[in-house]
Chemist: 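Have a look at this one.
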Amino acid sequence: QLQLVESGGGLVQPGGSLRLSCVVSGFRADYYAIGWFRQAPGKEREGVSCIASTGVTIYYADSVKGRFTSSRDNAGNTVYLQMNSLNPEDTALYYCAARDSWACSASGYAYWGQGTQVTVSS
């Protein structure tokens, strides 16, 4: 059974940075595309960034382009989301998810972590 565990969330001031990690276990991480999604209270789940199994193809939502960077260490079965220049609108529960083909629609991701909370506030 594939499992994903996120970490790295927390409270940060506007303009600050955080790096989220998603550790994949139960199968080789390089078989899966990994997506980062977020959901704020009262809002729909939003795709933030998705990275293909090889790491070559990466998608970013317009709201995070230039500020967030996805990367993956397949040898370590870990995917990262570096988040810079954070603002209060980035406050949400962040999830990583896995699927066995490339896409960045939440409905296609079969495996999900429990989420890590990111709060941007002064």
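The structure displayed is predicted, hence computed values, not measured ones. Any value given below was found using the heavy atoms of this structure, including those in side chains, with hydrogens, waters and symmetry copies removed.
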Chemist: Rounded to the nearest 0.5 Å, what's the gap from CD on Gln1 to CZ on Phe27? Could you check?
Modeler: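 Result: 12.0 Å between the selected atoms.
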Chemist: Quick one: list whatever passes salt bridge (charged side-chain N to carboxylate O under 4.0 Å, His left out) with Lys43, sequence neighbours left out.
Modeler: none
Chemist: To the nearest 0.5 Å, what is the distance between CZ on Arg38 and CD on Gln117?
Modeler: 11.5 Å
Chemist: What's the separation between atom CG in Asn77 and atom CZ in Arg72, rounded to the nearest 0.5 Å?
Modeler: 9.0 Å
Chemist: Should the heavy atoms of other residues, nucleotides or ligands under 6.0 Å from CD of Gln114 be counted, would the total exceed 12?
Modeler: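 Open: at most 12 neighbouring heavy atoms sit under 6.0 Å from CD of Gln114.
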Chemist: Side chains of Thr119 and Ser121: is there a donor and an acceptor less than 3.5 Å apart?
Modeler: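 Per modelled atom types, Thr119 and Ser121 side chains form no pair under 3.5 Å.
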Chemist: Applying the 4.5 Å side-chain criterion to the ILVMFWY set and letting contacts propagate, would Leu2 and Val5 be lumped into a single cluster?
Modeler: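 They do not share one cluster, since no chain of ILVMFWY contacts under 4.5 Å joins Leu2 to Val5.
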Chemist: Would you call the rings of Tyr32 and Tyr111 parallel, tilted or perpendicular, where under 30° means parallel and over 60° means perpendicular?
Modeler: perpendicular
Chemist: Could you walk me through whether Tyr80 and Ser71 pass side-chain contact (heavy atoms from CB on, under 4.5 Å), step by step?
Modeler: CA-CA 5 Å; Tyr80 302 98; Ser71 61; 3.6 Å; yes
Chemist: Which donor-acceptor pairs under 3.5 Å do side chains of residues 11-26 form with protein atoms, sequence neighbours excluded?
Modeler:
from, atom 1, to, atom 2, distance (Å)
Ser17, OG, Asn84, OD1, 2.9

Chemist: Taking the side chain as every heavy atom from C-beta outward, state whether Cys104 and Tyr59 have any atom pair closer than 4.5 Å.
Modeler: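 Touching, per the 4.5 Å side-chain cut-off.
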Chemist: For a 4.5 angstrom cut-off between non-hydrogen side-chain atoms, does Ile34 reach Leu4?
Modeler: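 Yes - at least one pair of side-chain heavy atoms lies under 4.5 Å apart.
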Chemist: Please go through Leu93's hydrophobic cluster and name the other residues, only I, L, V, M, F, W, Y counting, with side-chain heavy atoms under 4.5 Å joining them.
Modeler: Phe37, Tyr95, Tyr109, Trp112
Chemist: Can you name the salt bridge (charged side-chain N to carboxylate O under 4.0 Å, His left out) partners of Asp30, sequence neighbours left out?
Modeler: Arg28
Chemist: Would Leu81 and Val79 satisfy side-chain contact (heavy atoms from CB on, under 4.5 Å), going step by step from the backbone distance to the final call?
Modeler: CA-CA 7 Å; Leu81 183 67; Val79 179; over 6 Å; no
Chemist: Test your reading of the model: is there a side-chain donor-acceptor pair from Thr116 to the backbone of Ser7, 3.5 Å cut-off?
Modeler: no
Chemist: Report the residues that fulfil salt bridge (charged side-chain N to carboxylate O under 4.0 Å, His left out) with Arg67, sequence neighbours left out, ordered by chain and then residue number.
Modeler: Asp90
Chemist: Among all residues two or more places apart in sequence or in another chain, which pass the salt bridge (charged side-chain N to carboxylate O under 4.0 Å, His left out) test with Arg45?
Modeler: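 Testing Arg45 for salt bridge (charged side-chain N to carboxylate O under 4.0 Å, His left out), a comparison that skips the adjacent residues, returns none.
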Chemist: Yes or no on side-chain contact (heavy atoms from CB on, under 4.5 Å) for Tyr31 and Ser53, after CA distance, side-chain angles and deciding distance?
Modeler: CA-CA 6 Å; Tyr31 185 75; Ser53 59; over 6 Å; no
Chemist: Heavy-atom distance under 4.5 Å between the side chains of Tyr60 and Val48, does that happen here?
Modeler: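 No - every pair of side-chain heavy atoms lies 4.5 Å or more apart.
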Chemist: How far apart are the C-alpha atoms of Ile58 and Ser70, what are their side-chain angles, what is the distance that settles it, and do they pass the side-chain contact (heavy atoms from CB on, under 4.5 Å) test?
Modeler: CA-CA 7 Å; Ile58 306 176; Ser70 285; 4.0 Å; yes
Chemist: So, Ser63 versus Glu46: side-chain donor-acceptor pair below 3.5 Å or not?
Modeler: yes
Chemist: Which heavy atom in Ala33 sits nearest to a heavy atom in Ser101, and how many Å separate them?
Modeler: CB-O, 3.8 Å
